[in-house]
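Everything below concerns the one structure shown next.
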Amino acid sequence: MPPRGRRGRRPVAEESSDDEPDVPTQPTNQVDDDDDGEPAAATNSIDSPNPTASASNPAGIQPADDNTLRVLLSTDNHLGYLERDPIRGLDSFAAFEEVLSLARSQKADLVLLSGDVFHDNKPSRRTLHKTMEILRRYCMGGESVGFQIDQVDNVQVSPVLLQKGGTKVALYGMGSMRDERLNRMWQGKKVKFLRPEEDDNRRRRGGEEDEEEDNGGSGWFNIFTLHQNRDLGRGSKNCVHESMIPEWMDLVVWGHEHECLITPQESLVGTFRISQPGSSVATSLTQGEGRQKHVGILDIRGQQFRLKSIPLGSVRGFAIGDVSLTELAEGGTVLDIEDPKLEERMGDVLAAEVENLIKRAREEAEQHRQDAANHAKEALTLEDEFDPDKRQRNYTLQSPEQVLVRLKVEHSGFTTLNNQRFGSRFVGEVANPSDILLFHRRRQAENTTAKGAATKKKRAAAGMYDPTEPEELEEVNVEDLVNENLFNMDKKLELLTEREMGEALDDFVSKEQKQAIGDMAAIILRKSQKTLTSRGKEGGRGQYRG
C-alpha cells in the first residue's frame, strides 16, 4: 500500500502561468520564487476549476463553497513587542489587525495562529486591552471554543474535529516547550497522537483506505501545528525533526521560525507538506526577517487543499547589508589604518552604506505596500453583507518612512564605533538608531587536524582522554536560595518579606514574568502606606499625615 498522504491531496509548489491551463502536476521538493525572491503561491489542487487572477481579484481567490473549509494561517505575531517605543510600539498591533482584516475580507472560517501571539509570557494590561479590542471587532462570535492542556511528561495530543459540508478536518496542536526536553520525550515515545475513531479503523483495514478517500470518502484531513525549532542545522537534540512527525499527517504548519516560507514544501518523509508562515512583525534584525511577510489562505475540500499567499502591507521596511573594513583598507584608497582621523573616516564610510540601505528599505517597503493593496482589492467582492461600511483599521504604522536597518561590519584590525553616537546621525530616518551597526571579526583559518591531534595528546597526558560522567546535581529552587541567604544574614529585610521576595524571584526566573519583582514591590508599598496612614490617623494629626 502506498504511504498515506501521497494520493489525492497534492499541493503543487509551482506557479502556473496565466496563458497555460491549470493542470495538476507532480509536487516538488523546492519552493519556487518570483523574480523578487518572494515565495510563489501554490497552485490549485482542488478539483474545482482554478480561479484566475484579474484586476479586481489579484490573488485569484474565490469565495469558498459549502464543502470547502477556509483557514487563514499566521504565526508569531508577538503582540506588545516594543510597546513603549514611540515609533515601533504599534507595529505588532497594526500587522495583527491586518491579518484579521484579511481573514474577514476573505471570508475565512477560522484563523489558525501557531504560537507566540504575545511577545511576553505575561503581557501588560495595555497589550491585553488592545488585543481584546482587535479580536472583538473582527472575530468574536457566539460559538464555543475548545482547548486542551497537555501533561508535562506524557503528551497526548487529541485533535479538534471540524466539519463543513463533506469536508472533515482534524486539527492537532502542540504548545511550545524546551526543545531538548520535547526531543527526549519524542525519542522515548511519550508523545502520542489520538486519531478520530473512523479514521483509525480505516487505517487498520489497510488497503481500503486510499480507494475510499480518492472516491470522495469521509476521510479526515489532518493538520498539525507546532511551535518549535525546525531542523536547520541546530543539532540533533535542539529541534524537532520532520521524521518525528506522524507520516499520516497531511499538512504541518510550523511556527516559531520567523522567516516566511509559506509555500508548502514536501517533507523529508515525503508523506506530508510543511508550511512556515513566519512572523508578522520583525523582532530581530536578521536576514530571515528581511523577507516579505505573508499570511496564507488555506482551502480544504475533502482530502485536497490549496494554499494562496497574501502579502502584508502593515510591516515596517527592513534592509540588511554587510561591509568589510579589511577589504576597504586593502587598496588604501578608502581607508588607511595609519590615518590619524581613521575613526571619523570609518564613520563616513559606514554612514554612506547605511544611506543606501535606507533607500533600499523604503523602496522595498513601498513595493510591499503596493502588493498588499492590490491583493486587498478583492475584499470589495468578498465583503460581508452585514458590514457595508468596510470597517477602518484602528492601528497603523507610526512614521512608516522610518525603516529598520542593520549593517554587519567586519572590523578585523579596526576599532569599533559607538552605536549610540553613530545612530544619532539617522534619528528621524530609521526606527532603530541605537543598534544599526553589528561589529564582528573575521574567523581565523585553523589547521583543525593538527590542532585536534594536539588537543588529544594534552588530554591523554592529563588523564582526561575518556569523558567523565558528571555527578547528579542536587535540585535547588530559587525560593530555597533566597530563604537560605536572607534568613542567615544578620540584617533582616524590613519592608520586603523573604517569602514574597522568593515567590517573585521564582516567577521572574521560572515563568519569565518580567514584572514580577516590580509588581510585588508595588503591592508591599501600597500595604505599607495603608498601614502607616491608619496608624497616623489613630495617633492624632501631629504624628503622621498620609
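- Every ring pair (Phe, Tyr, Trp, His ring centres under 6.0 Å) that F224 has, sequence neighbours left out, goes to F193.
- Between the D120 side chain and the K122 main chain, no donor and acceptor come within less than 3.5 Å of each other.
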Output side-chain donor-acceptor pairs under 3.5 Å for residues 343-356, partner residues at least two apart or in another chain, one line each.
from	atom 1	to	atom 2	distance (Å)
R345	NE	V334	O	3.1
N356	ND2	A352	O	3.4

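- Across every non-hydrogen atom of N432 and V405, the tightest pair is ND2-O, 2.8 Å.
- Looking only at side-chain heavy atoms (C-beta outward), W220 and V169 stay at 4.5 Å or farther from each other.
- Scored by the side chain to side chain contact (heavy atoms under 4.5 Å, CB included) test, V99 finds L72, S74, V295, L312 as partners (sequence neighbours excluded).
- Put simply, the side chain of R291 gets close to the backbone of C260: a donor and an acceptor are under 3.5 Å apart.
- When side chains are defined from C-beta on, M174 counts as touching L182, because their heavy atoms get closer than 4.5 Å.
- With sequence neighbours excluded, no residue satisfies ring pair (Phe, Tyr, Trp, His ring centres under 6.0 Å) with F414.
- For E98, the side-chain hydrogen bond (donor to acceptor under 3.5 Å, both in side chains) criterion is met by S314, not counting sequence neighbours.
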Check step by step if side chain to side chain contact (heavy atoms under 4.5 Å, CB included) holds for V403 and E364.
CA-CA 10 Å; V403 294; E364 292 179 355; over 6 Å; no

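- No donor-acceptor pair closer than 3.5 Å links the side chain of H241 to the backbone N or O of C239.
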If you apply the rule side chain to side chain donor-acceptor pair (under 3.5 Å), what do you find for Q276 with R230, and how did you get there?
CA-CA 10 Å; Q276 181 178 303; R230 195 171 175 181; 2.8 Å; yes

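- With hydrogens and angles ignored, the 3.5 Å screen pairs a side-chain donor or acceptor of E242 with a backbone N or O of L268.
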Side chain to side chain donor-acceptor pair (under 3.5 Å) assessment of T75 paired with S114
CA-CA 5 Å; T75 185; S114 301; 4.6 Å; no

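- Here the side chains of Q402 and F426 are not in contact, with every heavy-atom distance at 4.5 Å or above.
- Atoms CD and OG, on Q292 and S309 in that order, are 8.5 Å from each other to the nearest 0.5 Å.
- A donor-acceptor contact shorter than 3.5 Å links the side chain of S92 to the backbone of G80.
- Between F221 and the options L251, L69, T167, a side-chain contact (heavy atoms from CB on, under 4.5 Å) holds for only L251.
- Contact record, L404 with A282: CD1-CB, 4.2 Å, taken as the closest heavy-atom pair.
- Panel note: side chain S101, backbone E97; no donor-acceptor pair is recorded below 3.5 Å.
- A distance-only check finds a donor-acceptor pair linking the side chain of D250 to the backbone of N222 [under 3.5 Å].
- Looking at Q287, its side chain never comes within 3.5 Å of a backbone N or O of E289 through a donor-acceptor pair.
- Applying the salt bridge (Lys or Arg N to Asp or Glu O under 4.0 Å) test to D109 and every residue at least two apart in sequence or in another chain returns K164.
- Taking the six-membered ring for Trp and the full ring otherwise, W248 and Y172 have centroids separated by under 6.0 Å.
- Here the side chains of L100 and R137 are not in contact, with every heavy-atom distance at 4.5 Å or above.
- Around atom NE2 of H440, more than 12 heavy atoms belonging to other residues, nucleotides or ligands sit under 6.0 Å away.
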Going through the distances and angles, do L171 and L112 end up as a side chain to side chain contact (heavy atoms under 4.5 Å, CB included)?
CA-CA 10 Å; L171 177 60; L112 181 59; 4.0 Å; yes

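- The CZ atom of F422 sits 11.0 Å away from the CG atom of N418 when rounded to the nearest 0.5 Å.
- With sequence neighbours excluded, no residue satisfies side chain to side chain contact (heavy atoms under 4.5 Å, CB included) with S424.
- Comment: K308 does not engage D299 in a salt bridge, judged by the lack of any side-chain N to carboxylate O separation of less than 4.0 angstrom.
- Put simply, the side chain of N67 gets close to the backbone of G166: a donor and an acceptor are under 3.5 Å apart.
- S399 places no side-chain N or O within 3.5 Å of a backbone atom of E401 that could act as its donor or acceptor partner.
- Two residues are said to be in side-chain contact when any heavy atoms from C-beta on lie closer than 4.5 Å; N238 and E180 meet this criterion.
- For residues 311-324, every residue pair satisfying the salt bridge (charged side-chain N to carboxylate O under 4.0 Å, His left out) rule, not counting sequence neighbours, is listed here: D91-R316.
- To the nearest 0.5 Å, the span separating CG on L438 from NE2 on H411 amounts to 9.0 Å.
- Here the rule is side-chain contact (heavy atoms from CB on, under 4.5 Å) with S280, and of L113, N77, D116, V315 only N77 fits it.
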I320/K408 under side chain to side chain contact (heavy atoms under 4.5 Å, CB included): CA gap, chis, key distance, verdict:
CA-CA 8 Å; I320 185 171; K408 295 188 290 185; 4.3 Å; yes

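- For R369, the salt bridge (Lys or Arg N to Asp or Glu O under 4.0 Å) test picks out E366, with sequence neighbours left out.
- Within the 4.5 Å cutoff, side-chain heavy atoms of L135 are placed close to those of F96.
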Does R70 form a side chain to side chain contact (heavy atoms under 4.5 Å, CB included) with L298? I'd like the steps, not just the answer.
CA-CA 6 Å; R70 174 163 292 177; L298 172 66; over 6 Å; no

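- Residues L162 and L110 form a side-chain contact, since some pair of their non-hydrogen atoms from C-beta on lies under 4.5 Å apart.
- Atoms CG and CD1, on L417 and I436 in that order, are 11.5 Å from each other to the nearest 0.5 Å.
- Every side chain to side chain contact (heavy atoms under 4.5 Å, CB included) that D179 has, sequence neighbours left out, goes to Q228, N229.
- In terms of heavy atoms, G317 sits closest to A365 at CA-CB, 3.7 Å.
- Under the rule for a salt bridge (Lys or Arg N to Asp or Glu O under 4.0 Å), E83 has no partner lying at least two apart in sequence or in another chain.
- Closest approach of I87 and Q398 over heavy atoms only: O-CB, 3.5 Å.
- You'll find the side chain of H294 stays beyond 4.5 Å of the side chain of T263, heavy atoms only.
- Of the residues listed (E257, E259, K293), the one engaging S279 in a side chain to side chain donor-acceptor pair (under 3.5 Å) is K293, and it is the only one.
- Every residue meeting the ring pair (Phe, Tyr, Trp, His ring centres under 6.0 Å) condition with H119, not counting sequence neighbours, appears here in chain and number order: H78, Y81.
- A distance of 11.0 Å separates OG1 in T131 from CZ in R136, rounded to the nearest 0.5 Å.
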